[in-house]
Protein chains: 2
Amino acid sequence: MRRTKEEAEQTKQAILEAAINVFFERGVAKASLEEVARAAEVTRGAVYWHFKNKVEIFEALHEKLHTPFIEQILEGLEVDHPNPVEQLQHICTTLILALEEDEQLRKAIQLFMFKCDYSGELAFCKNRFNVKKQEKLKAFEAYFEKAQRQQTLPMSADPRMLALSVNCFIRGVVSEYLDSPRQFTLKQDVPPMMQLFFKSILQPAAS
Amino acid sequence: MRRTKEEAEQTKQAILEAAINVFFERGVAKASLEEVARAAEVTRGAVYWHFKNKVEIFEALHEKLHTPFIEQILEGLEVDHPNPVEQLQHICTTLILALEEDEQLRKAIQLFMFKCDYSGELAFCKNRFNVKKQEKLKAFEAYFEKAQRQQTLPMSADPRMLALSVNCFIRGVVSEYLDSPRQFTLKQDVPPMMQLFFKSILQPAAS
DNA sequence: GACAGCATACATACAAGAACGTATCTTTAT
DNA sequence: ATAAAGATACGTTCTTGTATGTATGCTGTC
């Protein structure tokens with residue numbers, strides 16, 4: 001039962017889509033390809049036709065879902081803004097708030113954060129992941145350096161340290177929210193939290 | 001070959017110790033009890049004698065390693081301190097810095113954070129963990145409320161929001177560090193980061 | 001205080017199922 | 001016709017849980 005090329009591509013996407021859900025519900029390690037196949041309404045034969053094994057599926061998912069996230073941060077650097085730090089605050093806040101509406105994105109990030117472990121087969125995935133993170137950190141730094149050039153951030157500030165802090169804080173917020181969403185409401189709690197955090201950056205050091 | 005009670009307790013601890021390493025290297029899901037047994041230099045018989053299954057081992061590890069962490073925070077509340085917020089900053093900083101020296105603790109936390117997924121069998125573990133987290137959050141809040149009573153924190157501050165922020169920031173720092181330790185040096189980077197963060201709390205709101 | 005009898009602390013053996021990867025069909029586009 | 005796109009079938013490996021074996025520590029009893 002050979003399908004047309006379009007149909008084949010459709011089933012491939014269906015498999016990826018199904019993989020998100022199955023990985024999400026059963027965890028990457030415990031999810032079997034049989035389950036993925038069933039969820040996509042095909043057999044394991046189809047899965048093995050399109051992908052070499054589970055790892056390859058995982059990689060495909062990562063490529064598809066994680067990449068666009070970082071690009072948004074990089075784009076903000078291109079735009080001219082009178083106060084880059086406030087701009088960064090705004091971008092970060094927006095990105096986090098987006099989680100509330102996009103369930104698929106939520107699932108995906110939860111996958112990469114909690115539903116898999118990067119030992120063994122997935123170890124090299126972690127490396128690729130870290131490369132992306134370095135880019136992100138450099139982008140954060142760039143915001144602060146830009147702000148220093150524009151005199152909206154004192155020269156005494158340490159861009160690298162600020163970038164690290166922002167990165168940690170964001171990761172913490174996202175982790176905590178995805179870990180137990182009932183803990184706080186994004187729309188209500190995140191803006192003041194971000195406000196609090198960035199306030200300390202914008203105000204020159206005291207005491 | 002029955003052992004004395006002390007010896008039995010020793011092997012139990014040896015199994016837990018071994019489990020940390022095996023879980024860490026292979027991931028919780030993929031680690032087999034056979035591997036754990038070998039690492040502890042016993043057979044699966046011993047493992048099944050002391051524990052019902054892998055989940056019970058996991059729980060035991062959590063009980064053993066995660067609990068003392070929280071208690072330290074609670075203890076600080078008992079002590080009298082002129083400035084509870086600074087006290088909290090100091091406690092948190094110390095706790096994080098401890099990671100640099102205690103490899104076993106590092107491994108354990110990495111386990112709970114990255115090397116397992118809480119789907120399926122471990123789902124209810126997550127619930128128990130969340131209960132603990134609630135306690136922790138309440139403790140954080142208590143610090144801030146205490147500070148308000150002692151007039152070292154403005155009444156306009158929102159203890160719950162501050163507690164959430166602290167919790168997120170700490171989680172972020174710990175996550176980032178354990179995820180890629182080469183990214184920053186605890187001793188050098190964490191104190192200023194914490195300083196930056198808590199500064200925004202201690203200084204009354206502006207702008 | 002010694003010894004029978006039992007519980008303990010494991011080791012070994014076994015059965016059953018899951019999951020994987022591959023090899024072999026089937027059908028149908030191209 | 002032939003190769004793509006899958007389905008089906010098969011053998012193997014891992015792992016799990018349990019059942020059973022066994023040597024030894026402990027405990028009460030006389």
Side-chain angles (χ1 to χ4, degrees), chain A residues 1-61 115-117 119-123 125, chain B residues 1-19 21-61 115-117 119-125:
Chain A
M1 48 163 72
R2 173 172 180 185
R3 308 290 161 80
T4 161
K5 289 201 174 188
E6 288 178 35
E7 286 175 320
E9 185 58 27
Q10 273 185 1
T11 60
K12 183 170 181 176
Q13 293 306 316
I15 290 170
L16 286 176
E17 193 89 355
I20 293 182
N21 295 318
V22 175
F23 286 178
F24 181 79
E25 275 163 47
R26 303 254 306 141
V28 175
K30 295 191 65 187
S32 77
L33 297 189
E34 165 72 27
E35 291 174 297
V36 172
R38 261 208 306 272
E41 295 180 307
V42 291
T43 64
R44 267 172 55 244
V47 175
Y48 274 98
W49 173 257
H50 288 286
F51 304 95
K52 192 180 143 204
N53 52 28
K54 201 199 283 182
V55 177
E56 209 173 286
I57 298 180
F58 186 78
E59 283 188 272
L61 282 180
K115 303 285 189 174
C116 63
D117 70 88
S119 327
E121 339 172 296
L122 272 55
C125 283
Chain B
M1 46 164 74
R2 171 170 181 189
R3 308 290 160 78
T4 162
K5 290 198 174 189
E6 287 179 36
E7 287 174 320
E9 184 59 27
Q10 273 186 359
T11 60
K12 182 170 182 176
Q13 294 306 317
I15 290 170
L16 286 177
E17 193 89 355
N21 294 318
V22 175
F23 287 178
F24 181 78
E25 275 164 46
R26 303 254 305 142
V28 174
K30 296 191 65 185
S32 77
L33 296 190
E34 165 71 27
E35 291 174 298
V36 173
R38 261 208 307 273
E41 294 180 308
V42 291
T43 64
R44 265 172 58 243
V47 176
Y48 275 99
W49 173 255
H50 287 287
F51 305 95
K52 191 180 145 205
N53 52 27
K54 201 198 281 182
V55 177
E56 208 173 288
I57 297 179
F58 186 77
E59 284 187 89
L61 282 180
K115 303 284 189 175
C116 64
D117 70 270
S119 327
E121 341 172 295
L122 272 56
F124 80 107
C125 282

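Below, read A as the first sequence line, B as the second, and so on, with proteins coming before strands; counting in each chain starts at 1.
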Enquirer: Working to the nearest 0.5 Å, report the span between CD of Gln10(B) and CD of Glu17(B).
Expert: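 It comes to 12.0 Å.
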Enquirer: Please list residues of residues 29-52 of chain B whose heavy atoms come under 4.0 Å from any atom in DNA chain D, ordered by number; otherwise none.
Expert: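 Residues of residues 29-52 of chain B that come under 4.0 Å of DNA chain D are, in numerical order, Ala31(B), Ser32(B), Leu33(B), Arg44(B), Tyr48(B).
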Enquirer: Can you see if the side chain of Thr4(B) gets near the phosphate of dT24(D) - specifically, an N or O under 4.0 Å from OP1 or OP2?
Expert: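 Indeed not, no polar side-chain atom of Thr4(B) lies that close.
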Enquirer: Atom CD of Glu6(A) and atom C1' of dA4(D): how far apart are they, to the nearest Å?
Expert: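 Nearest whole value for this atom pair: 15 Å.
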Enquirer: Give a yes or no answer on whether the side chain of Lys54(B) reaches the backbone of Ala31(B) with a donor-acceptor pair at less than 3.5 Å.
Expert: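 Yes: the side chain of Lys54(B) pairs with the backbone of Ala31(B).
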Enquirer: Rounded to the nearest angstrom, tell me the gap between atom CD in Glu56(B) and atom C1' in dT16(D).
Expert: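 It is 15 Å, rounded to the nearest whole Å.
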Enquirer: Any salt bridge linking Glu34(A) with Arg38(A)? Criterion: basic side-chain nitrogen under 4.0 Å from a carboxylate oxygen.
Expert: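 Looking at Arg38(A) together with Glu34(A), the answer is yes, because their closest N to O distance falls below 4.0 Å.
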Enquirer: Rounding to a whole Å, what distance do you find between Asn53(A):CG and dT13(D):P?
Expert: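 Interatomic distance, CG of Asn53(A) to P of dT13(D): 19 Å.
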Enquirer: Roughly, in whole Å, what's the span from CD in Glu7(B) to P in dA23(D)?
Expert: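 Checked: the CD to P distance equals 17 Å.
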Enquirer: Expressed in angstrom and rounded to an integer, what is the separation of Ile57(B) atom CD1 from dG17(D) atom P?
Expert: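 Value for this atom pair: 10 Å.
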Enquirer: Has the side chain of Lys115(A) got a donor or acceptor atom that lies under 3.5 Å from a matching backbone atom of Val28(A)?
Expert: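 Pair absent, no side-chain N/O of Lys115(A) close to backbone of Val28(A).
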Enquirer: Kindly say if Thr11(A) contacts the phosphate of dG6(D), meaning a side-chain N or O under 4.0 Å from OP1 or OP2.
Expert: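 Affirmative; the distance criterion is met.
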Enquirer: Indicate yes or no: at least one non-hydrogen side-chain atom of Leu33(B) is less than 4.5 angstrom from one of Phe51(B).
Expert: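 No, every pair of side-chain atoms sits at 4.5 Å or beyond.
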Enquirer: Just how far is it from atom OG1 of Thr11(B) to atom CD of Glu9(B), taken to the nearest 0.5 Å?
Expert: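 Between Thr11(B) OG1 and Glu9(B) CD, I get 8.0 Å after rounding to 0.5 Å.
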Enquirer: Rounded to whole angstroms, how far apart are NZ on Lys5(B) and P on dA7(C)?
Expert: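 One finds 14 Å between P of dA7(C) and NZ of Lys5(B), rounded.
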